[in-house]
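This one's a predicted model, so the numbers in the text were calculated from it and none came from an experiment. Hydrogens, waters and symmetry mates play no part in the numbers below; they use all other heavy atoms, side chains included. Every chain is numbered from 1, with letters handed out A, B, ... down the list of sequences.
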Protein chains: 2
Amino acid sequence: MSSLLPPCPEPEEKIGEPQQLIQLGAAGDEPCLRADAARNRARLLDAAARLIAEHGAAGVTMEAVAAAANVGKGTVFRRFGDRTGLLMALLDHAEQKMQAAFLGGPPPLGPGAPPVERLRAFGIALLRRLAGELDLQLAAEAAADRRYAVPARRVQHSHVVLLLRQTLPHADHELLAHTLMGYLNPVLVHHLTRQCGVPMARLENGWNDLVDRITAA
Amino acid sequence: MSSLLPPCPEPEEKIGEPQQLIQLGAAGDEPCLRADAARNRARLLDAAARLIAEHGAAGVTMEAVAAAANVGKGTVFRRFGDRTGLLMALLDHAEQKMQAAFLGGPPPLGPGAPPVERLRAFGIALLRRLAGELDLQLAAEAAADRRYAVPARRVQHSHVVLLLRQTLPHADHELLAHTLMGYLNPVLVHHLTRQCGVPMARLENGWNDLVDRITAA
DNA sequence: AACTTAAGCGGACCTAGGTCCGGATCGTAA
DNA sequence: TTACGATCCGGACCTAGGTCCGCTTAAGTT
């Protein structure tokens, strides 16, 4: 069975942010904003971060962000598309740093280590990052029908597919990657850690165990 | 490592529907509605089903359902709590039928077959059911912070934990069950089948393969 | 420097989910 | 049958995300 999915017909038109360091084939044309637009964008991100730090991601409205940034509401939506877009933009820094780490950084996360070890390191790194961003990650969840089209997620998914392919020659890497990524779902992590009191250490052990089971010959 | 999670502090107060055949320990006290309330409930479910069949789940507003049922908007929310509650009520029949099948029906779904076979049958059955309900399942997705508290999901999860426990004596059944359930996530199924064109047969093979890997000694 | 135009701005406006509370109704007890 | 209280009804109302469109302005062009 092949592991190549017809690569998911590109979601028609990307609204809002260009946003990703690695576009995996998609055009990486940063539109280069007009001076005033760039200024307002920065103001908005700053205002959003401040408000969220103060009231929590769930307690901040788009109108409040606009007001705090001294900007019209329409400007927020023009720049970021929708609420999810704004929140994902706030997560973008950490995302790009992590992408750089697992695409080109030092082992065991980056190239150089055996694929299974990279897989382990990837999950642990993502779990730890998620744990520190849970509020935002939860609030930034995309609508159900776009969730798997979020660029950051696609990059992570592709990375896992790659590592699996180097480990298991004959398997449905796409589906196995979805399974692995499912374990790293922010909503699940939130549920387990915050609502069930599961300690992070157990989640991390769970990940390593899962990788072992899935990559066992 | 124990597989017993502190069973997730019951979400404070259950709004709306009592809804589940098996409450897994929670009180199963059907409140027995007043005559007019029961009549309106039936009208609402009927109207909702009709409208959704005609316009798709995403194209139906709560107000439209209320109007089609000749009932006030407040009545809808009183009875079902919120939009998600109404949609989940529409899915309840199928859910109860399936619960009955895997809790007490004939093998391989019900008791009698070896646990691994029951696990396989469970996933296949759920996948097929989801495939026929994708619109509704997608629209009925609960808010992120309640998603794992939905009664139907908890019952399914517990069932998987049970089967895993009978198969793997020493494993973190809770976490493995979450992984398996993640594969059966309606949003993922929608993404793969509708957006990527993956045929159901491949998803089913993927499930069996996943069960094998996870339950391998 | 004057002109042009694509990009951006802002806030009025729309929609749809969710809340509230005064009044109507059901079920029961006397 | 009547009286009464708990339950329910309905639609006005609130909120917050998202859209629209006439006006403004940055940034090239001659």
Are Q137(A) and H190(A) close enough that a side-chain donor and a side-chain acceptor fall under 3.5 Å?
no
Would you call R147(B)-E141(A) a salt bridge at under 4.0 Å N-O?
yes
So, R146(B) and D82(B), do they make that salt bridge, N to O below 4.0 Å?
yes
Return a single string for nucleotides 13-19 of chain D, one symbol per nucleotide in 5' to 3' order, where B is base contact, S is sugar-phosphate-only contact and - is none, cutoff 4.0 angstrom on heavy atoms.
---SBBB
Base, backbone or nothing for each nucleotide of nucleotides 21-30 of chain C, written B, S, -, heavy atoms under 4.0 angstrom, 5' to 3'?
----BSS---
Considering the options K97(A), E95(A), Q96(A), which one meets the side-chain hydrogen bond (donor to acceptor under 3.5 Å, both in side chains) requirement together with Q99(A)?
E95(A)
Tell me whether the NZ or CZ atom of R118(A) lies within the 45° cone about the ring axis of F102(A) and under 6.0 Å from its centre.
no
How close do R154(B) and Y148(B) get, heavy atom to heavy atom, and via which atoms?
CG-O, 3.5 Å
Report the distance from atom CD of E133(B) to atom CG of D135(B), rounding to the nearest 0.5 Å.
10.5 Å
dG8(C) phosphate, OP1 or OP2, under 4.0 Å from N40(A) side-chain N/O
no
Taking OP1 and OP2 of dC9(C), is either one under 4.0 Å from a side-chain nitrogen or oxygen of R79(A)?
yes
With H159(B) as reference, evaluate V155(B), V161(B), L163(B) under the side chain to side chain contact (heavy atoms under 4.5 Å, CB included) test and give the passing residue.
L163(B)
Find the distance R43(B):CZ to dG10(D):C1' and express it as a whole number of Å.
13 Å
